[in-house]
Chemist: 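Below you'll find the structure I mean.
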Number of protein chains: 2
Amino acid sequence: MLRAREDAIVESVNRLLAGKGFELMTVDEVAADVGIAKASLYKHFPSKELLACAAMVRVLGQARDAARALQADPALDALAKLREIARWALQTQLQGRMPLLPAQNSSLRAELMADKAYMDALMGLSEQLGDWIEQASADGRLNPALPPEVVLYTLFARACDPVPGVLKSSGQYSDAQIIEWMLAQCFNGLAKGD
Amino acid sequence: MLRAREDAIVESVNRLLAGKGFELMTVDEVAADVGIAKASLYKHFPSKELLACAAMVRVLGQARDAARALQADPALDALAKLREIARWALQTQLQGRMPLLPAQNSSLRAELMADKAYMDALMGLSEQLGDWIEQASADGRLNPALPPEVVLYTLFARACDPVPGVLKSSGQYSDAQIIEWMLAQCFNGLAKGD
DNA sequence: GTCTATAAGAGGATAGAC
DNA sequence: GTCTATCCTCTTATAGAC
């Protein structure tokens, strides 16, 4: 009932955010997409920012679930787990299910930072990735020129990389092919490693 | 006179676009920043979209100039030239001089595509980079898993990578340090090449 | 070409009935 | 909680005097 409706709202927000980003998404659109009046929407979520926040919390939770599944897999070493989480992000983005937030909107950033659910989800995921980065580093599998922070942010940034979308829009390549290229670039670089 | 004023306008647009992106930049702000009335601004540029377009043409011209200077340098092979143009993009972004366009705004994209000056600048730069990519590939210096198109788009995407900005905002690192990390990740990858 | 003033409309948010 | 109707601000763009 209430939970189901709010899930439907966040699902719509998620898709619209993935398609056009925060500024270009309007609350009217969300209401129309869900099939309820705008005023009803505001009974569930008191502002556009908190609507976006709910979508972010949702996707971070999904990422966390994906990470937990990988963590339980003994066949993968730490570097492979990092690669698989990057694959998950790219896949989610290519399927139009990755909400895009502007890196720049300060009012939105402030509200996100103030939201406990968001910060908890972000921190939880960061810690899991941080553990894997530490482990992969100890295994000698990471580029020694890069500090852990750079590795972490680079992985997060795969969620909003514009390159997969540009390649997909050409219509020439399958999602699987695009993802392999992106992973090859991200982990092995543009240059030939000899 | 007219030329100087329009240069000042585009310079302002460029900085504001770099700071907040197309949607969050308002024409009122631009007018205030230049120090003229909004109506005067519209005498020079008939729409907000064409204002952004002028900023893009300007930065593409600067990139082209940077590329020409590199082309004339016999000390650099093709891969080194690609690396230097990526460095230029990262540097420009970190200095707040890289206008950010939303990948998603279709009305803006349509106007850009329809603008001859924009398309010429984009094509000219792409051709120069394409030549270097071909050459670097012939030299056996590029990752053989990646088609030229992926290499080209990856280089263009350095201009809007969010990672440098996040690293800079921490206040812990110099621009030069950040750029070296970004180039190491982009060209050599996150993983250790053995 | 520059200004002041204003039109025209989009979009976030709310009032109040049911 | 859902609706219809409305408010109000912000923003793009233009009218018209100088």
Side-chain angles (χ1 to χ4, degrees), chain A residues 1-17 19-56 99-102 104-112 114-115, chain B residues 1-17 19-56 99-102 104-112 114-115:
Chain A
M1 35 233 81
L2 180 130
R3 190 55 160 282
R5 166 127 303 178
E6 299 201 339
D7 280 353
I9 293 172
V10 176
E11 165 69 24
S12 276
V13 170
N14 194 69
R15 195 174 49 253
L16 289 169
L17 233 32
K20 43 210 311 179
F22 183 73
E23 277 89 16
L24 263 40
M25 177 189 82
T26 69
V27 179
D28 293 83
E29 251 177 336
V30 177
D33 194 60
V34 180
I36 60 175
K38 183 161 58 164
S40 307
L41 197 54
Y42 274 97
K43 299 283 181 180
H44 292 279
F45 298 92
S47 75
K48 184 185 178 185
E49 280 76 15
L50 289 174
L51 218 42
C53 187
M56 287 307 296
L100 295 182
L101 297 185
Q104 317 261 354
N105 187 330
S106 56
S107 84
L108 177 56
R109 284 194 75 79
E111 290 217 38
L112 287 175
D115 187 280
Chain B
M1 34 234 79
L2 180 130
R3 189 55 160 280
R5 167 127 302 179
E6 299 202 339
D7 280 353
I9 293 171
V10 177
E11 165 69 24
S12 276
V13 170
N14 194 68
R15 194 174 50 251
L16 289 169
L17 233 33
K20 44 209 312 179
F22 183 73
E23 277 89 17
L24 264 39
M25 177 189 82
T26 68
V27 179
D28 292 83
E29 254 177 333
V30 177
D33 194 60
V34 179
I36 61 175
K38 183 162 54 166
S40 306
L41 198 54
Y42 274 97
K43 299 281 181 180
H44 292 278
F45 298 92
S47 75
K48 184 185 177 183
E49 281 75 14
L50 289 174
L51 217 42
C53 187
M56 287 308 295
L100 294 182
L101 297 186
Q104 317 261 358
N105 187 329
S106 55
S107 83
L108 178 56
R109 283 194 76 79
E111 289 217 39
L112 287 176
D115 188 281

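Chain naming here is simple, since letters A, B, ... match the order of the sequence lines and numbering starts at 1 in each. All heavy atoms count here, side chains included; hydrogens, waters and symmetry mates do not. Remember, it's a predicted structure, so these values are computed and weren't measured experimentally.
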Chemist: For a side-chain contact (heavy atoms from CB on, under 4.5 Å) check, start with the C-alpha distance between A:Met56 and A:Cys53, then their side-chain angles and the critical distance, and finish with the verdict.
Modeler: CA-CA 5 Å; A:Met56 287 307 296; A:Cys53 187; 5.6 Å; no
Chemist: Are any side-chain N or O atoms of A:Lys48 and backbone N or O atoms of A:Phe22, one a donor and one an acceptor, separated by less than 3.5 Å?
Modeler: yes
Chemist: If you apply the rule side-chain contact (heavy atoms from CB on, under 4.5 Å), what do you find for B:Ser47 with B:Glu111, and how did you get there?
Modeler: CA-CA 10 Å; B:Ser47 75; B:Glu111 289 217 39; 4.2 Å; yes
Chemist: Find out whether A:Arg15 and A:Glu11 are in side-chain contact, i.e. whether some heavy atom of one side chain is under 4.5 Å from a heavy atom of the other.
Modeler: yes
Chemist: For a quick check, with a 4.0 angstrom heavy-atom cut-off, what is the B/S/- contact string for nucleotides 1-13 of chain C, read 5' to 3'?
Modeler: SBBB------SBB
Chemist: List in chain and number order the residues that pass side chain to side chain contact (heavy atoms under 4.5 Å, CB included) with B:Asp7, two or more places apart in sequence or in another chain; answer none if no residue qualifies.
Modeler: B:Arg3
